Structures are given as C-alpha cells and as structure tokens.
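Okay, so here's the structure we're looking at.
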Amino acid sequence: QVQLVESGGGLVQAGGSLRLSCAASGRTFSVYAMGWFRQAPGKEREFVVASTWSEGRTYYADSVKGRFTISRDNAKNTVYLQMNSLKPEDTAVYYCAASIRNYGLYIQQRIEEYDYWGQGTQVTVSS
C-alpha cells in the first residue's frame with residue numbers, strides 16, 4: 001500500500017502562484033509514476049501532469065503546459081506541483097495519484113492507470 005497526502009491548496013488571485021505538495025509513504029519503492037489530477041465542481045476528474053518516479057520523465061496536459069511544473073524530491077518521497085499564472089478555470093480539487101505500473105515510454109494519463117490516490121486539496125483562483 002502507498003499512502004498519499006496532499007497539501008498547499010488555498011485561495012489565490014488570478015495571475016498568482018501556488019505550490020502543492022504530495023507526500024508519499026508506505027511501499028513507495030513500488031511507485032513507477034506520480035500524477036496530478038483535478039476536478040472542478042460539476043465536471044469529471046481530469047489529468048494535469050505526470051512524472052516517472054526514478055527517471056523524471058514528464059507529460060503535461062495542454063491546458064497547463066508552460067504554467068505548471070511537476071518536480072520531485074526522492075529523498076523525501078514528495079512530489080510538488082508548482083502552479084504559476086493561475087486562472088479562474090484552474091479552480092478545482094487537486095488530487096495526487098501513484099501508479100505502480102510500468103507502461104514503458106508511455107506516461108500514465110488516465111484515472112484507471114493509477115493505483116493510489118490522495119484525499120485532495122482545494123485550489124480556488126479568484127478573478
């Protein structure tokens with residue numbers, strides 16, 4: 001089992017920045033990739049970004065490319081999501097997820113490709 005705990009959400013004005021953290025514990029040696037998803041009110045959960053744990057390969061959703069950056073601290077078993085130039089449409093609950101599956105060159109982008117999920121952290125961007 002892998003446990004994930006997100007933190008860092010909050011209220012920010014449009015154009016501002018936030019950094020989310022996701023601390024992993026448990027069988028972290030089994031994790032192959034980490035991802036961030038988000039879910040806005042009344043909408044489906046959507047992919048934001050993912051990174052392979054050891055190699056650091058990344059894949060971003062077009063909607064956040066150039067504004068969001070995923071990074072990791074392997075020693076702390078923590079993944080970060082730096083969010084800059086935030087827009088009101090970025091408002092959502094942000095979820096951290098871990099996958100123990102290796103898809104080769106493909107980096108997991110679908111909900112069903114992840115095995116563990118955090119509880120989520122609210123990000124609200126005011127206009």
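Side chains are part of it too, since the values below use all heavy atoms of this structure and drop only hydrogens, waters and symmetry mates. Treat the numbers as computed from the prediction; the structure is a model and nothing was measured. Each residue takes its place number in the sequence, starting with 1.
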Report task. Output, in order, the C-alpha distance, side-chain angles, deciding distance and verdict of side-chain contact (heavy atoms from CB on, under 4.5 Å) for I107 and R57. Result -> CA-CA 8 Å; I107 301 176; R57 291 186 293 116; 3.7 Å; yes

Measure across [X] and [Y] and return the closest heavy-atom pair with its distance rounded to 0.1 Å.
X: V125; Y: T91; result: N-OG1, 2.9 Å
X: T124; Y: Q122; result: OG1-NE2, 3.3 Å
X: M83; Y: L86; result: CB-CD2, 3.8 Å
X: S21; Y: T78; result: CB-CG2, 4.3 Å
X: N84; Y: S17; result: OD1-OG, 2.9 Å
X: R27; Y: V2; result: O-CG2, 3.4 Å

Query raised in the report: Checking ring pair (Phe, Tyr, Trp, His ring centres under 6.0 Å) against F47, which of F37, Y60, Y114 comes through?
Result: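 Only match with F47 under ring pair (Phe, Tyr, Trp, His ring centres under 6.0 Å): F37.
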
Report task. Check the surroundings of atom CD in Q1: do more than 12 heavy atoms from other residues, nucleotides or ligands lie under 6.0 Å from it? Result ->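 Check fails, neighbour count at 12 or below.
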
Query raised in the report: Is the shortest distance from a Lys or Arg side-chain nitrogen in K65 or D62 to a carboxylate oxygen in the other one below 4.0 Å?
Result: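 D62 and K65: salt-bridged.
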
How long is the straight-line distance from [atom2] of [Y] back to [atom1] of [X], given to the nearest 0.5 Å?
X: W53; Y: N77; atom1: CH2; atom2: CG; value: 5.0 Å
X: S127; Y: Q13; atom1: OG; atom2: CD; value: 9.5 Å
X: E44; Y: R38; atom1: CD; atom2: CZ; value: 14.0 Å
X: Q108; Y: N102; atom1: CD; atom2: CG; value: 7.5 Å
X: L81; Y: R72; atom1: CG; atom2: CZ; value: 14.5 Å

Report task. Could I get the full list of ring pair (Phe, Tyr, Trp, His ring centres under 6.0 Å) partners for Y106, not counting sequence neighbours? Result ->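 Applying ring pair (Phe, Tyr, Trp, His ring centres under 6.0 Å) to Y106 gives Y103.
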
Query raised in the report: So which pairs with a foot in residues 75-98 pass ring-ring contact (aromatic ring centres under 6.0 Å, His included), sequence neighbours left out?
Result: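 As it turns out, there is no ring-ring contact (aromatic ring centres under 6.0 Å, His included) pair with a partner in residues 75-98 once direct neighbours are skipped.
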
Between [X] and [Y] (side chain of the first, backbone of the second, donor and acceptor by atom type, cut-off under 3.5 Å), is there such a pair?
X: S51; Y: T58; value: no
X: R45; Y: V93; value: no
X: E6; Y: C22; value: no
X: T28; Y: S25; value: no
X: R67; Y: S85; value: yes

Query raised in the report: What residue pairs, at least two apart or across chains, pass salt bridge (charged side-chain N to carboxylate O under 4.0 Å, His left out) with a residue in residues 105-127?
Result: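 Pairs touching residues 105-127 that pass the test: R101-D115, R110-E113.
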
Report task. Quick one: do L4 and W117 satisfy side-chain contact (heavy atoms from CB on, under 4.5 Å)? Show the steps, please. Result -> CA-CA 6 Å; L4 304 173; W117 293 83; 5.5 Å; no

Query raised in the report: Hey, any chance I111 and I100 share a hydrophobic cluster, counting ILVMFWY side chains that come within less than 4.5 Å of each other, even indirectly?
Result: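 Hydrophobic grouping puts I111 apart from I100.
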
Query - Common cluster, V12/W36, ILVMFWY with side-chain heavy-atom separation under 4.5 Å - result: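 Yes, same cluster.
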
